[in-house]
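Below you'll find the structure, written out as structure tokens, and then a few comments.
Just so we're on the same page: letters track the sequence lines, and every chain starts at 1.
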2 protein chains.
Amino acid sequence: MADKHPSRPSNPNVSVDCVVFGFDEEQLKVLLIEQRTSGDFAPQLALPGDLVLQDENLDESATRILKELTHLEGIYLKQFRAFGDPDRVNNLKDKEWLRTVRENPDARVITVAYYSLVKMEAYRPEAASFAGKVIWQNVSEIPELGFDHNKIVNEALARLREEFEFKNIAFELLPKKFTLTMLQKLHEIVLGVQLDKRNFRKKLKKSDTLQPLDEKQSGVDHKPAQLFKYSSGKK
Amino acid sequence: MADKHPSRPSNPNVSVDCVVFGFDEEQLKVLLIEQRTSGDFAPQLALPGDLVLQDENLDESATRILKELTHLEGIYLKQFRAFGDPDRVNNLKDKEWLRTVRENPDARVITVAYYSLVKMEAYRPEAASFAGKVIWQNVSEIPELGFDHNKIVNEALARLREEFEFKNIAFELLPKKFTLTMLQKLHEIVLGVQLDKRNFRKKLKKSDTLQPLDEKQSGVDHKPAQLFKYSSGKK
DNA sequence: ATGACTAAGTGTACAAAATACACTAAGATT
DNA sequence: AATCTTAGTGTATTTTGTACACTTAGTCAT
């Protein structure tokens with residue numbers, strides 16, 4: 001049992017949790033994993049997350065953990081907040097899942113949260129062997145999650161929306177190639193509003209951050225759209 | 001010596017660092033403390049910060065640490081980012097200052113950073129007995145600091161500016177009573193620009209977030225200005 | 001090849017917001 | 001009473017945001 005005297009530093013466990021938002025033409029979802037612990041607890045849903053290892057920085061940790069748990073790679077993850085209520089991981093089931101039982105069972109767990117945004121069709125998550133499965137859950141229908149993960153998802157969603165509202169386009173979070181219609185739909189889905197096509201494009205043009213590619217959309221049964229990439233400044 | 005096998009969770013020390021910005025009519029400064037360790041190291045400057053204790057959450061920790069080190073109280077502190085490079089605290093002097101030597105000397109230190117903004121004249125920081133002294137350092141003349149604190153200050157300043165640019169007024173960060181001229185000067189100092197008095201006031205009026213008090217500025221040798229407080233929504 | 005279907009791509013008129021700019025008013029000091 | 005200092009206020013112009021509908025390019029079915 002760790003020392004619980006209040007005037008001592010806590011030497012907590014530190015974990016990383018990843019809120020991966022996925023979008024398609026209509027919906028915004030969050031990637032969740034089903035936790036199956038070795039104990040006989042009922043499975044529960046939670047964000048992909050695990051403890052930070054000794055020789056990695058936080059960004060590296062997030063990348064590694066997301067890959068280990070869901071096989072997703074090459075995704076930009078943005079740190080947005082640490083969560084550290086002393087009792088935020090307070091039950092056996094949660095601790096078992098986090099490997100905390102084996103390492104440092106009585107210490108609290110402080111977590112550093114990351115978010116990202118991906119095109120669902122471009123990334124096919126697969127559950128790690130030891131996890132149950134991974135699912136895309138609609139952001140408007142998120143059930144009760146393990147740990148304090150509902151709070152973390154809500155905060156991440158708020159940040160994502162701020163990013164889109166204030167900075168206009170969250171380029172770090174975008175796919176490398178995209179059509180203007182895709183970009184508009186993404187904004188509409190994230191912000192929950194309808195936008196005017198011409199006005200949306202006018203604003204993009206003025207911001208001067210898009211570069212047309214020598215490539216058009218393929219695999220559609222109508223006029224294919226021009227593909228663009230992000231480019232700061234002008235051509 | 002702690003276990004350094006890379007595949008193990010790190011059970012790091014976790015600290016909090018506070019970037020307290022202070023403003024007057026002309027300048028924006030940062031509160032720094034001079035570290036005097038018990039060893040025979042030369043003093044160095046750093047942000048007020050220390051390890052998180054077992055039974056406190058991160059916000060509580062920040063509040064406590066700022067008070068212990070500088071006697072500042074009643075200040076809104078906003079968490080903005082965790083910093084966790086594995087070697088960000090890598091010398092004996094830094095470790096000694098952080099009490100890490102006594103508790104968990106070989107583990108890395110992950111820090112959660114907070115910032116805030118105060119009227120310098122309203123808060124008189126005093127050094128804790130064990131610290132050297134506290135100083136207000138101009139943000140444009142920050143010397144080399146301990147740990148990775150230069151990086152943390154730069155990031156905090158960027159966030160503070162974003163807050164002022166995008167959200168227009170960072171009310172959480174303001175004094176409770178203020179004149180419109182004070183508010184304008186603050187914006188000018190933080191953003192490093194000149195603003196037009198009438199346009200600035202027009203925008204404030206439209207935002208409908210200020211409430212005039214039954215009180216005017218005192219102690220000035222000219223026409224006293226109306227004092228306002230923040231108020232969401234209308235009177 | 002023709003016609004029908006689907007989404008891509010484009011411009012203009014109006015409303016709202018941001019900017020540039022200079023004088024009068026209130027209190028303090030002599 | 002005169003002077004000094006900052007408070008407080010409005011209008012004209014430019015820029016930005018909004019509302020709105022038709023033509024074009026490619027695919028598919030006949």
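Taking B:F178 as the reference, nothing meets the ring-ring contact (aromatic ring centres under 6.0 Å, His included) condition, with sequence neighbours excluded. With sequence neighbours excluded, the residues forming a salt bridge (charged side-chain N to carboxylate O under 4.0 Å, His left out) with A:E73 are A:K67, listed by chain and number. Looking at residues two or more places apart in sequence or on another chain, you find a salt bridge (charged side-chain N to carboxylate O under 4.0 Å, His left out) between B:E162 and A:K167.
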Give each protein N/O atom lying under 3.5 Å from an N/O atom of nucleotides 7-11 of chain D, with the pair distance.
from: D:dA7; atom 1: OP1; to: B:T181; atom 2: OG1; distance (Å): 2.9
from: D:dA7; atom 1: OP2; to: B:T181; atom 2: OG1; distance (Å): 3.1
from: D:dA7; atom 1: N7; to: B:K197; atom 2: NZ; distance (Å): 3.4
from: D:dG8; atom 1: OP1; to: B:Q226; atom 2: N; distance (Å): 3.0
from: D:dG8; atom 1: OP2; to: B:R201; atom 2: NH1; distance (Å): 3.4
from: D:dG8; atom 1: N7; to: B:K197; atom 2: NZ; distance (Å): 2.6
from: D:dT11; atom 1: O4; to: B:K202; atom 2: NZ; distance (Å): 2.8

Could you write out each protein N or O paired with an N or O of nucleotides 1-4 of chain C at a distance under 3.5 Å?
none

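A salt bridge (Lys or Arg N to Asp or Glu O under 4.0 Å) check over residues 183-203 of chain B, counting only residues at least two apart or in different chains, returns the pairs B:E25-B:K185.
Atom NZ of B:K206 is separated from atom P of C:dA16 by 11 Å (rounded to the nearest Å). Atom CG of A:L183 is separated from atom C1' of C:dG9 by 15 Å (rounded to the nearest Å). Taking atom CD of residue A:E165 and atom C1' of nucleotide D:dG17, one finds them 15 Å apart after rounding to whole Å. In this structure, the NE2 atom of B:H187 is 14 Å from the P atom of C:dA18, given to the nearest Å. One can place CG of B:L195 at 12 Å from C1' of C:dA18, the figure rounded to the nearest angstrom. As a whole-Å value, the separation of B:K203 NZ from C:dA20 C1' is 15 Å.
How far OH of A:Y114 is from CD1 of A:I65: 9.5 Å, rounded to the nearest 0.5 Å. To the nearest 0.5 Å, atom CG of residue A:L117 and atom CG of residue A:L77 are 11.0 Å apart.
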Test side chain to side chain donor-acceptor pair (under 3.5 Å) applied to B:T179 and B:Q217, step by step: CA-CA 7 Å; B:T179 67; B:Q217 195 181 30; 4.6 Å; no

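B:S207 and B:T209 are linked by a side-chain donor-acceptor pair at a separation below 3.5 angstrom, with hydrogens and angles left out of the test.
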